[in-house]
Amino acid sequence: PGGETLAVADGEVVSLWDPAKDEPVRVLQGHSHPIVNVSWSPDGQRLVTSDKGGELKIWDLTVLPDPPEFAVEEGVQSLSWLSDNETLVVHRADGASSLWNTIDGQRQRVEPASSEGELLWDPDRRLVASFARNEGEVPEVRVLNADGDVHALWRGDSGARLLKLGWSADGSRLAIAATRPAEQAASRQSGFDVFVWNVDTEETISQWSYNGSTMKWATFGPNIIQLAWAPNSSHVAITAHGEEGENGTRIWQGHVYVIDAARGVTALKRNVGSSSHRSNIKALALQRDGHVVVVGTNDGLIEAVEVDSGRVVFSTRLRSTRIHSLAWSPDGRRIVAASDDGTVQLLTADVGREVLTFRLDAAATHVAWSPLGNRLAAATADGNVRVWDASRADDYSEHGARRGELARAYYQSRANESSVEKEARLREYLRLVPDSLDCWVLRGNVRAVLGEFDRAAEEYSKAIASGPT
């Protein structure tokens with residue numbers, strides 16, 4: 001009705017098109033015969049379709065569609081999107097990767113692991129970094145082009161050990177974290193370095209050093225758990241941990257460093273957790289301009305901190321016991337968290353308020369936003385990947401606020417209220433609250449209070465089947 005979306009029936013499928021962009025935004029499937037009629041509701045929130053078999057369907061377009069799901073092998077290391085906004089790359093811990101079409105859930109191709117070491121592709125899959133973590137050798141990072149030819153070569157000091165690599169968003173630079181040489185490591189007080197290296201000129205742009213004057217590393221040496229670039233390539237963030245004390249009895253955890261990539265200086269050092277309890281940081285992400293870093297811990301804490309000032313933007317603790325992965329939306333307004341309890345939660349970036357929650361059947365281990373910010377992918381510990389339409393998070397946030405107003409007005413009990421007045425109030429609540437998405441649980445609760453248990457079960461079933469709550 002508003003001219004923003006066009007419904008086109010083709011056989012047993014209806015495609016919703018954006019005329020301005022001349023592209024489909026959603027596909028409705030479910031008819032078993034060719035569709036013959038399509039009609040919009042006056043408010044544009046529902047669509048009625050009928051087919052040659054006489055079946056009629058009413059589509060509630062305020063409800064998020066069922067997310068595509070496809071099975072990948074276990075051992076997912078990370079997720080990333082290609083610039084086409086449709087192709088998802090699943091990176092495995094063994095260095096192999098696979099490319100998937102998120103529209104139909106079909107695998108496009110598999111890129112096997114290298115026999116010579118680990119592989120790390122740049123965001124545009126133009127170049128790939130090949131490296132090995134062998135002890136006692138000269139560490140090398142070989143950057144290869146699509147034909148397998150060496151594009152650039154980085155060599156570290158003999159006896160050093162590679163810890164972590166990360167590509168800048170534009171694919172022009174690598175952040176390379178490495179330990180000091182073996183003769184320094186013997187003291188167990190040596191530090192590590194982070195090199196920002198230009199892969200086209202083979203020049204080191206900056207070098208950031210941790211000298212280890214106050215920290216004694218465990219026997220295995222320093223361990224960088226996370227390394228992340230800001231999308232504008234201005235900063236690199238890392239987390240590291242080791243052991244403190246002569247006997248290595250106390251674990252030193254919760255260190256976050258944000259490094260100015262151009263100058264190689266510390267922009268922020270932050271200890272997450274209280275002075276008596278350092279949280280073990282499991283997830284890390286930088287906002288697009290590098291001004292805010294967000295971290296997630298093994299005890300469910302999410303903390304966002306301004307890099308320049310050190311001010312805590314928000315600190316919130318989720319119901320989950322462990323945060324596995326964090327990602328910023330491209331516009332910087334949302335943060336998504338993947339948790340051990342199988343939830344994927346969207347939070348506002350200003351105060352950390354939960355906007356929307358998706359539930360999975362296993363622990364959510366990795367999340368990634370599409371380049372346009374309208375789609376969200378999550379991987380689970382059992383090797384499945386789901387993709388959601390996240391473009392309407394704001395709509396559901398406003399819907400939730402409206403739901404809260406109605407709940408306060410009609411759902412709360414009132415003093416000296418008769419049973420007849422109570423029933424009338426609750427039925428008015430059911431009349432006003434939309435029969436969609438984040439109201440189904442509340443509607444089910446009201447049905448149960450009214451004694452309508454079968455209808456309450458129907459409301460709960462819709463909520464469970466929808467995925468997001």
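- With sequence neighbours excluded, the residues that form a ring-ring contact (aromatic ring centres under 6.0 Å, His included) with W208 are F192, Y257.
- Counting only heavy atoms from C-beta outward, the side chains of E306 and V313 approach each other to under 4.5 Å.
- When side chains are defined from C-beta on, H235 counts as touching V258, because their heavy atoms get closer than 4.5 Å.
- Side-chain contact between H31 and T49: present, with at least one pair of heavy atoms (C-beta onward) separated by less than 4.5 Å.
- The closest side-chain donor-acceptor pair between H291 and D308, if any, does not fall under 3.5 angstrom.
- A heavy-atom distance below 4.5 Å is found between the side chains of E303 and R270.
- The closest side-chain heavy-atom distance from D18 to T5 is not below 4.5 Å.
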Query raised in the report: Run the side-chain contact (heavy atoms from CB on, under 4.5 Å) check on V265 and I259 step by step: do they pass?
Result: CA-CA 6 Å; V265 298; I259 305 163; over 6 Å; no
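- Remark: side-chain polar atoms of W229 are paired, donor with acceptor, to backbone N or O of G166 under 3.5 angstrom.
- No option in L174, I176, L165 other than L165 meets the side chain to side chain contact (heavy atoms under 4.5 Å, CB included) test with F131.
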**Report entry** Check against side-chain contact (heavy atoms from CB on, under 4.5 Å), T266 and D260
**Finding:** CA-CA 6 Å; T266 301; D260 185 313; over 6 Å; no
Query - Derivation and outcome, side-chain contact (heavy atoms from CB on, under 4.5 Å), residues S97 and R92 - result: CA-CA 6 Å; S97 58; R92 288 176 47 84; over 6 Å; no
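- Across R322, R317, K282, a single residue satisfies salt bridge (charged side-chain N to carboxylate O under 4.0 Å, His left out) together with D299, and that is R317.
- Few gaps surround CG on D124; more than 12 heavy atoms of other groups in view lie less than 6.0 Å from it.
- Annotation: side chain of L347 is not in contact with side chain of V336 (no heavy-atom distance under 4.5 Å).
- By the 4.5 Å heavy-atom criterion applied to side chains, L47 and L28 are counted as neighbours.
- Applying the 6.0 Å contact sphere to CD of Q108 captures more than 12 heavy atoms from other residues, nucleotides or ligands.
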Requested in this report: Apply salt bridge (charged side-chain N to carboxylate O under 4.0 Å, His left out) to E140 and R142, showing your working.
Outcome: CA-CA 6 Å; E140 287 188 352; R142 303 169 69 216; 5.1 Å; no
Requested in this report: Carefully, step by step, assess I302 and V295 under the rule side-chain contact (heavy atoms from CB on, under 4.5 Å).
Outcome: CA-CA 6 Å; I302 295 181; V295 297; over 6 Å; no
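- Here S329 pairs with D331, R334, W369 under the side chain to side chain contact (heavy atoms under 4.5 Å, CB included) rule; sequence neighbours left out.
- Every residue two or more places apart in sequence or in another chain that forms a side chain to side chain contact (heavy atoms under 4.5 Å, CB included) with A379 is listed here: V76, L79, T365, H366, V385.
- Inter-residue side-chain proximity for I205 and F195 is flagged as unmet; no heavy-atom pair is nearer than 4.5 Å.
- Considering only residues two or more places apart in sequence or on other chains, N384 meets the side chain to side chain contact (heavy atoms under 4.5 Å, CB included) condition with E69, A71, T380, D382.
- By the 4.0 Å N-to-carboxylate-O rule, R353 lies too far from D350 to be salt-bridged with it.
- Contacts of F314 classified as ring-ring contact (aromatic ring centres under 6.0 Å, His included), with partners at least two apart in sequence or in another chain: none.
- For A456 against G444, the heavy-atom pair with the smallest separation is CB-O, 3.3 Å.
- Within 6.0 Å of CZ in R455 there are 12 or fewer heavy atoms belonging to other residues, nucleotides or ligands.
- A donor-acceptor pair is defined here as one N or O able to donate and one able to accept, closer than 3.5 Å; no such pair exists between the side chain of S339 and the backbone of I323.
- Listed by chain and residue number, S98, W100, V110 satisfy the side chain to side chain contact (heavy atoms under 4.5 Å, CB included) test with R107 (two or more places apart in sequence, or in another chain).
- Within 6.0 Å of CG on D10 lie no more than 12 heavy atoms contributed by other residues, nucleotides or ligands.
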